[in-house]
Amino acid sequence: MPGVPPMTWPKGRPHDAGRRNFLRAGAGVVAGAPLAACSSQDPYSLEKPSVPGAERWNLHEEKTIATACAQCPAGCGISARVVEGRVVSVRGQPGNPVHPGGIGPRGLASPYVLYDPDRIRGPMRRQGGALAEVSWDEALSGLATRLGALRSRGRPDRLAIVCGRERGMIRDLWERFARSFGTPTFLDVSLRKDGATASALYAMQGVRETPAYDWPRARYVLSLGAPLLEESCQSVHQARSTVHYRTHRGAERGTIVQVEPSYSRTAANADEWVRIAPGSYGALAMGLAHVLVRDRLYDRDFIAGRAFGFENWTDDQGRTHRGFRDLLVRDYSPERVAECCRIPTETVERLAAELAANGPSFVVSRGVGTRERGALHTAMAVHALNALLGAIDRPGGLLVQSDPPTADWPSLELDDLAQASLQRPGIATSSRPLGSRGIDDLADALLAQPAGSIDTLFLYYSNPCYSGMDPARWRRALARVPFVVSFSPFLDETTAEIADLVLPDHSYLERWEDAASAPSVGFPVQGVRQPLVEPLHDTRPSADVVLELARQMGGKVAEAFPWPDFRAALFERLSGIHEAQRGSIIEGSVPHFLRALFRRGFWEDPGSPRQESIRTPSGRFEFFSLRLWQGFGESWLRESGVGIDRELACLPHFADPAKHSSPDFPLLLEPYQPGSYAEGSGANLPVLQELVTEPGDRAWQTTAFLHPDTADQAHVAAGDRVRIESPLGSIELPVAVRAGVHPDVVRIAKGGGHTAWGRFALGRGANVMELIPHELDPFVGTPVLQGVNVRIRRA
Amino acid sequence: MMIPRNLTRRAFAHRFVVSALVAASALWAFLMSSPRRALAGSPERERTVATDDEKRKWGMAIDLDRCTGCGACVVACRTENNVPATGSAEESDGTDILWMNLLPLEDRSEGSESAPEMLPLPCLHCEDPPCVPVCPVGATYQTGDGIVAQIYDRCIGCRFCEVACPYGVRFFNWDAPEWPTSHLNTLNPDVATRPAGVVEKCTFCSHRIRSVTESARVDGVSLSDTDFQSLPACAESCPAEAIVFGDLNDPGSRVALAATSPRADQLLEHLGTKPKVFHLRRERRH
């Protein structure tokens, strides 16, 4: 055979003698090679460190274990390859309905989460300013004494709990603990991600969750700034479904149009990119609705049969209220909208006509598009547009994700103290019309109230001193809490700088858990997590710590948690799926069911009957939201200082976000989430730090992207360093110049600039959150991240 | 290859005939152990490799119409093939190694959605690889099934191949690889790490090909195209199913069909290197 040189292998090829032996044997062979001899260390002699439990594995033994990724809320199923007690790699779970087969870069980096050299090794307590090791018994009994004292003083409301997981039984467990303990201050992070979209669904459809978009059956999708392929949540599902949507149907190729100020990754992968002025999504949605109504292109059966508030209506008192049609027709002509969005009028007309002509179609807006001022009403306008297209609860449109039929835990019995304490307002209570509140309310509340109003704060998967708006303000707020407990497995900013007690959780590859998935396919899916290896360090699953704390509280609090460990609590609820006797796993007994479930990694029920999808007070889809009408009240509108007519506030509309534009700060900040390491929690993973997925970006860095004209005006070129200043603060970054960036913006990825989080994250790039002042949307409380005024100058 | 194939076969047969007892016990051992274990324990058996390999011609198709540029292939390749991270541009100073690279394309973002931004670029395993003839020591060669392979122990680090490759997919190890101790746990035991001073490159995950074909041979089952389609780590990981692998000599395989698609491109085709990786152009509405 030409080109094949004669060769003989050394004894001990990689695939015969033990693989580990090969690494050693190879060392002997190479040691003689002159070049290898130049290197000071012997490169083949890599001896893997010992790991707990390895003695129970045979040489070369390997297993494939099903579990679920927890790098983002999507909860993709993964199959891990475990060799001799070590997790070597993961792959996507074959057959998983959410993302058959494939898996994203973050999921693939899972083993590096487990083996992060800077993981916290065991519980720690702050002594004299520094964290020092402490035993679990000491840490837990100390904490239990503190919590017991709060209860004996009759003030359990002085405990606050922040739960960084939006879904799943661990969230339920924390909430159960908060209630049985008696604190009304239980906060989560769900508003941060898709809070506006979920709130719009609640206001108009009565469902407090984001919709599941039925990609496989749609033909045309218009995305108003939705970061479908960047944002970690469900990006794998999105990549999968957008691709199938376009390439698996022969002539019926689906179309995706991305409307966004800058050329994002989603825009780069769409069929068409429409550049729109920053902050004008809501106007476009209303303009499109106007054209649909004007040209009678909307789903008249749905509007007539299942909708409320489209036409003007009269209430019980005989008062006439404005309908959606009236608002649309008067205020949102395509010409006006086009001017506001700075796009041609024809584009508005064409997009509306295409949406109507290529049904089933739907409009999606989440993420960036709904993190501006007026996010609720933008999201409502998009949802109204979907209703006009007849996309609500229809194949090829927006479905309501059904939950798996898990069993309930025994109903919660509260003791008198908890009952009384839960009546207290608590800190960070929401007066917002839809009652929504989240972690970002905590900073406000802590700063507004006397120090010590919250005595003890639990932070579970939450690092506000890095990921919150204005991290310095968060530091000030948390300094007012006498005792902060962190459950993070990693030494993040909040844990390293603020926490008084650190009770490190297992990593997600070491613990038992359910894996609740963000809405995706519509039908119920239940994923599970199980330990792949024995815990590496002296960590404990936080769920078990909750059970232990409850036990030490005694009385009704202890009785509320009757399980020996969380695994028992988990199995109890999962057994409900077995009782239902449907879906992809049907077995004769609970143990058989659980065995099959944990072997496969997920349960699904595509044939599940769909739940009622419209759950509003009127029983119809509400263009005029009655929940908002009741929630607002004149007094709230007056007190909150939101200058808006109560009637208008209940209807989808576009309120031009006051840009506070000043000659000093002529540009707008456009923070975005890179696909690779999200909002920063993946920055400790070198394989992700080294991953560049955008032209102009560089590994291990944060980059400020500018339009060529913007760069010219600032007299900077690619590679120069610039200082980006906002009214709040400034950061310094290298510049990349791209024609796809909107000329009015500075585009900066989140995730850089860690001051903790381990050796790989530390000091890389800059944290864009340091430029963003604390501002919450007054209606729902979502953080306003888009539209901060900035300026740049050469550094 | 100078593997004494006939001799081994004869030796194997000889043993089989001479002692029925040995044969029975060998059969029993074979049946009782997993294919993987049987392989690992018996180098003789492994050397009776069927010549199927040489009838195959491995190739890959990367459909840019599906690729979203997420980078899963890059991470999957790194973890599968024990490629260490090298640090930022300043720290690595151009020494970074990417068997699978996401190559940024020129900024054409102003209204040209038909061009991708990022191009996944593994070794193209050319049919006429310019890197092979320049190697003065025979450290790089083409296997019978078309993989351009590298023998690290032979490589003298002259980097001729790196210069000869028009695609920039060969990488020189300026330093010995380094991992934090705990990261050593994630090293794939199927792939050796490379020392300083040698050139390394994408292997089409030949260790996986070998594992699958050997297991099938031992089990006596025949393999079909579906067994290969997502065999390399990059193809397996791709959330968008953009990467298809397989036998170009099998006219019905997905990769062979993709290679004959009117959308199929071979990078720098005019050089006559005949890459066996095909990039399929985008289709967009406009």
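Lettering of chains follows the sequences in order, A, B, ..., and the numbering in each one begins at 1.
Counting heavy-atom pairs closer than 4.5 Å to chain A, the top-ranked of the candidates B/Asn185, B/Leu184, B/Val75 is B/Asn185. Interface check for chain B: of the options A/Pro686, A/Pro49, A/Ala699, the most heavy-atom pairs under 4.5 Å are formed by A/Pro49. In terms of heavy-atom pairs under 4.5 Å with chain A, the best-connected choice from B/Pro129, B/Gly87, B/Ala85, B/Cys135 is B/Gly87. In terms of heavy-atom pairs under 4.5 Å with chain B, the best-connected choice from A/Gly92, A/Pro94, A/Ala109, A/Gly102 is A/Gly102. Of all the listed residues (A/Thr693, A/Val87, A/Asp697, A/Leu536), the one sharing the greatest number of non-hydrogen pairs under 4.5 Å with chain B is A/Thr693.
Take A/Glu690 and apply the side-chain hydrogen bond (donor to acceptor under 3.5 Å, both in side chains) test, not counting sequence neighbours, and it matches A/Trp700, B/Arg78, B/Thr86. The side-chain contact (heavy atoms from CB on, under 4.5 Å) search around B/Ala242 returns B/Arg66, B/Cys67, B/Cys238, not counting sequence neighbours. With sequence neighbours left out, the side-chain contact (heavy atoms from CB on, under 4.5 Å) criterion links B/Pro180 to A/Pro117, A/Arg759, A/Phe760, B/His183.
Between A/Arg119 and A/Leu114 the shortest heavy-atom distance is NH1-O, 3.0 Å. The shortest non-hydrogen separation linking B/Glu80 to B/Ala233 is CB-CB, 3.6 Å.
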Residue pair B/Asn81, B/Arg194: steps toward the side-chain hydrogen bond (donor to acceptor under 3.5 Å, both in side chains) verdict: CA-CA 10 Å; B/Asn81 292 301; B/Arg194 283 73 59 185; 5.9 Å; no
Test log, rule side-chain hydrogen bond (donor to acceptor under 3.5 Å, both in side chains), inputs A/Glu230 and A/Thr266: CA-CA 7 Å; A/Glu230 297 94 319; A/Thr266 305; 2.5 Å; yes
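Listed for the A/Arg275 side chain is a donor-acceptor partner under 3.5 Å among the backbone atoms of A/Gly740. B/Thr140 contributes no side-chain N or O that, together with a main-chain N or O of B/Gln150, makes up a donor-acceptor pair within less than 3.5 Å.
Annotation: residues 95-104 of chain B contacts chain A through B/Asp96, B/Leu102, B/Pro104 [non-hydrogen atoms, separation under 4.5 Å].
Looking at A/Val51, the atoms closer than 4.5 Å to chain B (heavy atoms on both sides) all sit in the side chain, from C-beta outward.
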